[in-house]
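For reference, the structure discussed in these notes is given below.
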Amino acid sequence: MKKLISVLAILLSVVCLLGILPAGASSAYQTYTYSIDGTPLYSPDAYSAYQSVGAADMGLDELGLNDPADLVTDDEENVYIADAGNNRIIILNRYYKNPRYITSFINEHGIDDSLSNPQGVFVTEDRIWICDTGKARIVVFDRDGNFIKTLEQPQSALFDENAVYRPVAMAVDDWNRLYVISSTTYQGVIVLTEDGEFVKFIGAQAVTISAWDIIWRRLQSAEQRKKVANLVSTEFNNITYRPSEDATNGFIYVTTSSIDEATVSAQIQSRSTKGDYLPVKMLDSSGDEVMSRLGFWPPAGEIDLFNTKYANKKGETGPSRIIDVACGPEKTWSIIDAKRSKIYTYDSKGNLLFAFGDKGTMLGAIANIEAITYQGDTMLILDKSNDCIVVYERTEYGDLLIEAITAENSLDYTYAIQCWRSVLQHNSNFDAAYIGIGNALYRANEYEAALEYYETAYDTANWSKSYAEVRKAWMSDPVHFLLIIFLIIIAIVAVVKFFGYTGKVNKKAATDGRAKKTFWQELMYGFYTIFHPFDGFWDLKHEKRGSLRAALVYVGLTVIAFFYQSIGTGYVQNPTRSFSTIWSQALGVLVPLFLFIIANWCLTTLFEGEGSFKDIFIAVSYCLLPVPMLIIPATFFSNFVTEAEVGLITLVVSIAFVWMGLLVFFATMVTHDYSMFKNIITFLGTIVGMALIMFVAILFTTLIGKIVSLITNIVTELEYRV
């Protein structure tokens with residue numbers, strides 16, 4: 001009896017433990033976002049897989065689903081599926097039941113007609129627009145499925161002479177203008193009137209097929225083009241329309257997978273804010289690209305391009321292959337990645353709200369994602385391989401996100417702060433929530449409080465706007481304004497006095513007749529050299545105006561300047577507050593310095609250079625003076641600039657390096673008594689020599705490592721055998 005009680009107690013404990021396991025442990029996917037440095041951050045599920053609706057669940061006929069290509073909903077939440085393989089459109093009610101079919105009809109000529117491989121469908125208030133791809137036309141029905149008209153291939157001189165028209169997706173705006181995606185049209189989105197008359201092309205891609213492909217296609221016959229049409233990458237592959245709030249001018253979202261992956265990867269890594277080379281764009285009615293890309297990363301799907309983090313469970317690499325886009329509530333929008341079967345959702349500013357999905361067999365995983373649409377608060381995904389619709393319901397966390405965005409869009413900033421703080425209680429890693437609170441505080445004129453939240457999210461753009469207001473308010477105080485003016489005057493006077501003093505010291509040192517200069521005179525001579533390089537470097541060598549000890553001071557000042565730059569740079573230029581040690585900065589200065597000096601000395605020894613190793617070291621070290629002279633004040637002032645003013649700091653730092661580079665060039669020229677042409681040749685040779693020395697050093701280090709490894713292995717083997 002005691003044994004039975006023990007067994008029951010153990011079983012009860014196991015059941016209890018299973019009950020407290022996190023729900024996400026058995027989920028088919030992990031929801032996540034990305035930080036500013038590209039680290040995936042776990043997030044609660046914004047959408048949870050509710051059910052998978054197959055042909056039997058829909059009550060379809062014996063044909064079922066065959067190669068479904070598109071999925072949309074209407075204002076009554078009815079569902080439309082482009083059942084391409086069965087040459088029909090399936091219409092379901094909001095519960096995915098009671099199917100109706102559009103397949104055959106009597107056209108305007110009184111002839112029996114039918115759909116052929118329909119790839120796209122779009123529904124307006126009173127009409128169903130179908131891309132009848134197999135017959136290169138658009139067929140229009142009313143909402144009851146009654147035929148209205150067909151729109152044949154549009155005619156225009158702007159089309160290529162042998163252009164192949166294959167409509168695969170379309171959208172209709174508030175004015176019944178048609179926006180058609182043709183899989184073999186490279187001029188952009190085709191704009192038609194309601195009656196199918198050509199208006200114009202909009203949104204032409206900056207990157208299309210290669211020049212060779214264009215030439216080759218022009219040499220092909222129309223028949224050859226038709227044969228290879230399905231092998232040519234499409235310019236755009238999908239489209240959707242978001243009506244405007246006042247029902248006048250909405251926006252068009254288009255997606256493409258025709259841009260090569262290397263180009264897209266480069267745009268993602270450079271955090272481009274332009275849409276020319278990105279896979280999703282938002283166009284206005286005139287075709288101008290107007291998408292906001294204010295997030296950490298441009299809206300392009302996956303950021304973990306090299307599969308280095310947990311976001312890619314299946315080992316896929318490279319950028320996402322975006323094939324569809326859908327508009328969600330409160331100006332949110334989602335795109336789908338056919339490569340990874342993932343969904344990425346963004347707000348109107350381009351911030352990633354959440355990403356989820358994966359390939360697999362569990363509920364919520366998608367074998368072959370094909371299309372996405374919203375059905376109210378529900379998200380529907382078309383799984384092409386399993387011929388089903390996967391239904392995702394919005395979770396409590398997703399509701400909080402939408403509620404916060406709604407409050408922000410309606411300018412209810414007090415409530416928006418409450419909502420975003422509720423979001424943070426569920427997900428403290430969500431940077432968009434910190435930005436949302438910061439935005440609300442900014443609009444409530446609480447600029448200093450907003451700075452803290454922007455800093456938490458590393459949002460330098462909004463931080464700059466808020467800081468500009470804080471700085472303006474501080475400067476508006478007459479006392480503060482007068483203090484700044486006073487400090488500027490003091491600084492200018494101090495600089496003028498200092499350079500006047502260095503001029504007197506150098507003049508006295510040149511006329512006192514003493515061969516041995518004081519250490520202070522040797523230091524001050526650097527300020528003469530940087531403004532008078534030809535006379536300065538000549539006297540530095542021949543008149544012994546400088547010294548090794550002064551040169552070492554300038555090297556030390558340069559190390560200190562770079563170290564101060566690493567720890568003292570302002571927030572806008574260093575939002576993550578990263579820094580390096582003084583030892584790493586010392587290596588960063590000394591290694592290239594000695595590489596240059598050694599390479600230059602070796603080369604000039606062969607080409608009749610008159611400078612010794614010591615002469616070169618002293619001359620080049622004196623050339624470093626502009627670096628601490630400009631970088632230290634630039635770093636200090638970087639703490640008081642906004643993002644728009646960073647260019648001034650960068651300009652000053654660039655001047656320091658250019659100034660130093662010119663001084664090094666003239667220093668070697670004067671030190672070795674070379675002509676301009678000869679110095680250019682030896683200067684370039686010095687750079688090549690530096691690369692050669694590094695190569696030999698790396699090769700030698702690698703060789704030593706292998707020898708040590710070989711000896712270690714031999715000793716280990718001998719010990720094992722003995």
Side-chain angles (χ1 to χ4, degrees), residues 32-43 267-274 278 291-300 303 330-333 344-355 400-401 404-409 411 413-414 416-473 569-579 638-647 649-650:
Y32 60 96
T33 57
Y34 276 105
S35 67
I36 190 172
D37 61 355
T39 301
L41 303 173
Y42 281 118
S43 169
Q267 293 295 296
I268 293 174
Q269 292 171 336
S270 66
R271 309 190 189 212
S272 174
T273 58
K274 296 182 179 180
L278 290 170
M291 178 177 287
S292 295
R293 297 179 176 86
L294 303 179
F296 297 146
W297 303 89
I303 301 303
E330 292 300 324
K331 300 180 183 178
T332 62
W333 51 280
Y344 304 84
T345 299
Y346 303 86
D347 66 9
S348 60
K349 301 178 182 64
N351 295 301
L352 177 64
L353 298 176
F354 51 84
L400 284 173
L401 281 177
I405 295 172
T406 302
E408 194 171 274
N409 291 340
L411 309 183
Y413 305 126
T414 301
I417 293 174
Q418 296 177 11
C419 293
W420 284 122
R421 283 175 176 163
S422 297
V423 170
L424 289 175
Q425 290 175 357
H426 288 74
N427 181 15
S428 60
N429 290 328
F430 190 46
D431 291 328
Y434 294 104
I435 295 173
I437 295 174
N439 289 339
L441 291 170
Y442 175 84
R443 295 185 179 102
N445 298 330
E446 298 181 32
Y447 304 119
E448 289 192 36
L451 290 177
E452 178 183 351
Y453 288 95
Y454 289 141
E455 287 182 9
T456 303
Y458 308 117
D459 186 352
T460 56
N462 283 315
W463 186 93
S464 295
K465 292 194 303 181
S466 192
Y467 176 73
E469 296 296 333
V470 172
R471 189 176 63 182
K472 183 169 66 175
T569 299
Y571 170 77
V572 173
Q573 289 186 287
N574 185 19
T576 60
R577 302 298 187 187
S578 59
F579 65 93
S638 70
N639 291 275
F640 307 101
V641 298
T642 63
E643 195 171 55
E645 299 158 349
V646 166
I649 303 299
T650 304

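Numbers here simply count residues along the sequence, with the first being 1.
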Practice item. List in chain and number order the residues that pass ring-ring contact (aromatic ring centres under 6.0 Å, His included) with Y467, two or more places apart in sequence or in another chain; answer none if no residue qualifies. Key: W463
**Study point:** Minimum side-chain heavy-atom gap T332-I405 below 4.5 Å
**Key:** yes
Review point. For the atom pair CG (N409) and NZ (K331), what is the distance rounded to the nearest 0.5 Å?
Key: 5.5 Å
Review point. Under a 4.5 Å cut-off applied to non-hydrogen side-chain atoms, are M291 and P299 in contact?
Key: yes
**Study point:** K274: side chain to side chain contact (heavy atoms under 4.5 Å, CB included) partners, not counting sequence neighbours
**Key:** S272
**Study point:** Residue pair G570 / R577: nearest heavy atoms and the distance that separates them
**Key:** C-NH1, 4.0 Å
Exercise for review: Kindly write out the residues that satisfy side-chain hydrogen bond (donor to acceptor under 3.5 Å, both in side chains) with S578, not counting sequence neighbours, or none if the list is empty.
Suggested key: N574
Practice item. With rounding to the nearest 0.5 Å, note down the distance linking OG1 in T576 to OH in Y571. Key: 9.5 Å
Review point. Can you list the residues that meet the side chain to side chain contact (heavy atoms under 4.5 Å, CB included) rule with T406, with sequence neighbours excluded?
Key: E330, I402
Check your understanding: Quick one: does L278's side chain get under 4.5 Å of R293's, heavy atoms only?
Key -> yes
Revision key, fill the gap. To the nearest 0.5 Å, atom OG1 of T33 lies from atom CG of L41 at 4.5 Å
Review point. Short question: side chain of W297, backbone of L352 - any donor-acceptor pair under 3.5 Å?
Key: no
Point to revise | Within-4.5 Å side-chain heavy-atom neighbours: Y434 and L424 | key: yes
Check your understanding: Atom CG of L294 and atom OG of S348: how far apart are they, to the nearest 0.5 Å?
Key -> 9.0 Å
Study note, to complete from the structure: F579 meets the ring-ring contact (aromatic ring centres under 6.0 Å, His included) criterion, sequence neighbours left out, with none
**Study point:** Heavy-atom closest contact (A355 atom, Y344 atom, distance)
**Key:** CB-CD2, 3.4 Å
Exercise for review: Apply salt bridge (charged side-chain N to carboxylate O under 4.0 Å, His left out) to K349 and list each qualifying residue two or more places apart in sequence or on a separate chain.
Suggested key: E408
Point to revise | V572 side chain near T642 side chain, heavy-atom distance below 4.5 Å | key: no
Review item, side-chain donor-acceptor pairs of residues 438-445, under 3.5 Å, at least two apart:
unit_1, atom_1, unit_2, atom_2, d
N439, OD1, Y454, OH, 2.7
N439, ND2, I435, O, 3.3
N445, OD1, Y447, OH, 2.8

Exercise for review: Would you give the length of the straight line joining atom CD of Q269 to atom CD1 of I303, rounded to the nearest 0.5 angstrom?
Suggested key: 9.5 Å
Practice item. Only counting residues at least two apart or in another chain, list the ones meeting salt bridge (charged side-chain N to carboxylate O under 4.0 Å, His left out) with E469. Key: K472
Practice item. Flag the pair Q573 / T650 as yes when at least one side-chain heavy-atom distance between them is below 4.5 Å, and no otherwise. Key: yes
Review point. Listed by chain and number, what are the salt bridge (charged side-chain N to carboxylate O under 4.0 Å, His left out) partners of E645, not counting sequence neighbours?
Key: R471
Check your understanding: Can you name the ring-ring contact (aromatic ring centres under 6.0 Å, His included) partners of W333, sequence neighbours left out?
Key -> Y253, Y346
Revision key, fill the gap. Across all chains, not counting sequence neighbours, the side-chain hydrogen bond (donor to acceptor under 3.5 Å, both in side chains) partners of T460 are E643
Point to revise | N462 vs Y453 side-chain heavy atoms within contact, under 4.5 Å | key: no
Review point. Can you find a heavy atom in the side chain of Y32 that is under 4.5 Å from one in the side chain of T39?
Key: no
Point to revise | Partner residues of R421 under the salt bridge (charged side-chain N to carboxylate O under 4.0 Å, His left out) criterion, sequence neighbours left out | key: none
Practice item. Nearest 0.5 Å please: distance from the CG atom of L400 over to the OG atom of S422. Key: 6.0 Å
Review point. For D431 and A457, which heavy atoms make the closest approach, and how far apart are they?
Key: O-CB, 3.6 Å
